[in-house]
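Notes follow the structure.
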Amino acid sequence: MDLQPVKGTRDFYPEAMRVRNWIADAWRRVSLRSGFEEYDSPILESLDLFEAKSGPEIAEQLFSFTDRGGRRLAIRPETTPALARMVNAKVNSLPRPIKWFSISRLCRAENPQKGRLREFFQWNIDILGEPSPQADAECVLVAVDALRELGLTAAEVKVRYASRALVTAVLGAAAVGQEQIPKVLSVLDKRDRVPAGAFEAMLRQAVSQDAARQMILRFMDTKEPDAAAVSADLGGELSGGAAADVEAAIDDLRQFRSALGSFGIADWCRYDPGVVRGLAYYTGIVYEVFDATQSLRAVAGGGRYDNLLEVLGGPTLPGTGFGMGDVVLGILLEEKGKLPSEKKFPGQRLDFFVIDADGSSAEQVLSVVAALRRGGLAADFSYKRQPLGKQLKEANRRAALRAAICRGATVTVKDLTSGEQVDRPLEDFLAKPLG
Ligand code: HAM
C-alpha cells in the first residue's frame, strides 16, 4: 500500500503553511488595495469548458474522469474559463469594468519538475469590459506591486511582454495559413524551453516554406515594437492588410508601454517577441514574469483575451489578466533570501504565554488564558506541571511576546524581548492585560 502523497502534490506542514499564507495574504492585500473583488469557482468543471478553449497544452494536462451519471468532468487546471462562464451568466447586472481576483487551488497532470507540480495555487487578476491597453498595464502594475510587496526588486524579476496580435499579423504576412497559426504559436511558445535544434525541427514541421520560417525567426529577434523595424526585419514593405494589423498591434503596444511608464514600472518590464503564451485564447498583449536571469520557469503569465466570453456563448466582452503561481515564486523568494524568519510571520506570535509560578495556580492559568483569548489576544499555556524555568523556556520556544506568571492574586508580566517585568494585581491585569 503506497501512503505517500501523490506525485507532484505537497503536504503543508505548519512551517510550509506559514509561507503559503504569507504569500496569499500579500496577494489578497494587493488585490484589495487595487480595487479588485474576490470570487471563486468550483474545483470540478465540465471537461468541455477547457478542452476547446484553453488549447492543446492544457487539454493534455487535465485530470479528467467520467462521473456515475456519465458526465465528463475535469479538475480545474486554470480559472480563466470559469471566470468567463461566471461573468457570462450575470453579464447584464455586473457594473463594468469587472475587476475580480481569486486565489485558487489548481491541478495539472504535468511531469513534476522544479517549479512545476501537479497541484498548486494560483492568484488570478482579471479586468473584463475594458479594451484599452491601460487595463493590460494595470494588471502588470498589480503583479509588480505584489512582487514588490513580497520583497523582490526590478533587478530580480522582469515582466517580458509582447503582442499575440502582432505575432499573428506577422505570421499572416509570412503567408502562414489561418488554420496553421495556432500550431505555429504553440511551437514559438516553446522556443525558450527546448534546445535550439529541437525548436528548429518543430518549426520546420509547422512551417514548411523556408522564406516564411526565416521571416518568423527574424521577427522573434526584433528588439523594439516599432512598425518600420518590424517590416524591415521582415524583409521590406508589408502588404496592405498585414501592414494595418501590424500597425494596430504596435499602437496598442505603444499605449501599453506609455501606461507602464506612467505607473512607474517601466524598469520592471521589457519587450520580448519570444513571449507568445501557450494558452489558445489570448488575442492581444501578452506577458510572462521571470526571474532576471531566467534560470527558473515563469512566475506568472497572462494577457488579453477578447473573444473568450463570446466563444463560451456570451456577449463580446474584452478581458485581460494574469495568473501567478505559488511554486516558482516560493523557490525564487527562498533563493533570494526573502522569506521572513519564523519570528517575523505576522499573526503567529503569542501575546502571552501564561505560566503557573508555583504549581498551585493551574486553575488560575486556565481562566487567565480564556479571559485573554476572549479579549482578542493570543494566549497559550503548558499542560505539563513544570518548574517556572521550564515554562519560561517553553514561552521562548513558542516565540511569545510576554509571559504572564500567575501566583495567587498577582500576575507578573515579563516582556520576553527586553526581560523587564512588573507585578500586577490579577483583577487589574485582566481588565487591561497590555497595561
Ligand atoms: P499559465 O501561464 O498557464 O496561465 O499559468 C500562470 C502561472 O501559474 C505560471 O506562470 C506558473 O507560475 C503557474 N503554474 C502553471 N502551471 C503550473 C504548475 N503545473 N505547477 C506550478 N505552477 C504552475 C494561466 O493559467 C492563465 N489562465 C492566466 C490568466 C488569467 N490569463 C488571463 N487571466
Side-chain angles (χ1 to χ4, degrees), residues 3 5 10-30 103 121 146 148-152 326-327 329-435:
L3 299 180
R10 292 166 288 176
D11 285 329
F12 286 91
Y13 286 86
E15 206 178 306
M17 196 67 209
R18 271 201 292 273
V19 176
R20 184 175 126 194
N21 282 337
W22 176 71
I23 291 174
D25 287 349
W27 285 344
R28 186 167 277 113
R29 209 163 44 243
V30 168
I103 297 172
F121 290 84
R148 201 173 359 214
E149 180 89 358
L150 290 165
L152 293 163
D326 68 323
V327 182
L329 182 61
I331 296 172
L332 184 60
L333 291 166
E334 175 143 41
E335 281 184 5
K336 301 282 178 204
K338 309 281 172 162
L339 295 180
S341 71
E342 200 171 321
K343 287 194 176 171
K344 284 198 184 144
F345 278 104
Q348 289 298 316
R349 300 199 66 173
L350 291 173
D351 295 302
F352 287 98
F353 194 81
V354 186
I355 289 174
D356 173 2
D358 48 16
S360 63
S361 305
E363 281 169 21
Q364 193 178 323
V365 166
L366 300 189
S367 61
V368 167
V369 163
L372 290 171
R373 290 180 186 172
R374 259 197 319 275
L377 294 167
D380 210 351
F381 66 104
S382 170
Y383 279 104
K384 285 195 201 133
R385 293 269 167 122
Q386 285 175 325
L388 175 59
K390 281 218 161 153
Q391 293 182 77
L392 277 169
K393 228 178 178 173
E394 173 74 359
N396 277 312
R397 191 185 69 75
R398 299 285 303 278
L401 293 166
R402 306 166 198 85
I405 304 163
C406 302
R407 186 185 283 109
T410 306
V411 176
T412 305
V413 177
K414 179 171 179 156
D415 184 314
L416 293 174
T417 316
S418 66
E420 278 172 29
Q421 59 182 63
V422 285
D423 289 341
R424 299 182 59 195
L426 178 61
E427 290 304 310
D428 179 38
F429 171 71
L430 288 177
K432 265 187 125 189
L434 296 177

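Every value quoted in this text rests on a predicted model; they were computed, and no experiment measured them.
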Mind jotting down which residue pairs meet the ring pair (Phe, Tyr, Trp, His ring centres under 6.0 Å) criterion with at least one end in residues 373-403? Sequence neighbours excluded, please. Phe381-Tyr383
For residues 403-435, which residue pairs qualify under ring pair (Phe, Tyr, Trp, His ring centres under 6.0 Å), counting only residues two or more places apart or in two chains? Phe352-Phe429
Can you measure from CG (Asp351) to CG (Leu377) and round to the nearest 0.5 angstrom? 4.5 Å
Find out whether Arg402 and Leu350 are in side-chain contact, i.e. whether some heavy atom of one side chain is under 4.5 Å from a heavy atom of the other. no
With a 4.0 Å cut-off on N to O distance, would you call Asp25 and Arg18 a salt bridge? no
How long is the straight-line distance from CG of Leu388 back to CG of Leu392, given to the nearest 0.5 Å? 4.5 Å
Kindly write out the residues that satisfy side chain to side chain donor-acceptor pair (under 3.5 Å) with Arg397, not counting sequence neighbours, or none if the list is empty. Glu394
Donor-acceptor under 3.5 Å (Lys338 side chain, Gly151 main chain): yes
Holding to side chain to side chain contact (heavy atoms under 4.5 Å, CB included), I want the full list of residues that pass it with Lys384, two or more places apart in sequence or in another chain. Ser382, Gln386
Among residues two or more places apart or on two chains, list those pairs meeting salt bridge (charged side-chain N to carboxylate O under 4.0 Å, His left out) that have a residue in residues 419-429. Arg424-Asp428
Can you name the residues that form a side chain to side chain donor-acceptor pair (under 3.5 Å) with Thr410, not counting sequence neighbours? none
Drop me the distance from Leu401's CG to Thr417's OG1, to the nearest 0.5 angstrom. 6.0 Å
Flag side-chain contact, heavy atom, 4.5 Å: Trp22 against Leu150: yes
Please report the interatomic distance CG(Asp356) to SG(Cys406), rounded to the nearest 0.5 Å. 7.5 Å
Using the six-membered ring of Phe12, assess whether NZ or CZ of Arg20 lies under 6.0 Å from its centre and within 45 degrees of the ring axis. yes
Spacing of CD1 belonging to Ile355 relative to CZ belonging to Arg407, to within rounding of 0.5 Å: 10.5 Å
Step through the shown structure and confirm whether more than 12 heavy atoms of other residues, nucleotides or ligands are within 6.0 Å of NZ on Lys390. no
Side chain to side chain, Val411 and Leu430, heavy atoms closer than 4.5 Å: no
Output for pair (Arg10 CZ, Met17 CE), nearest 0.5 Å, gives 10.5 Å
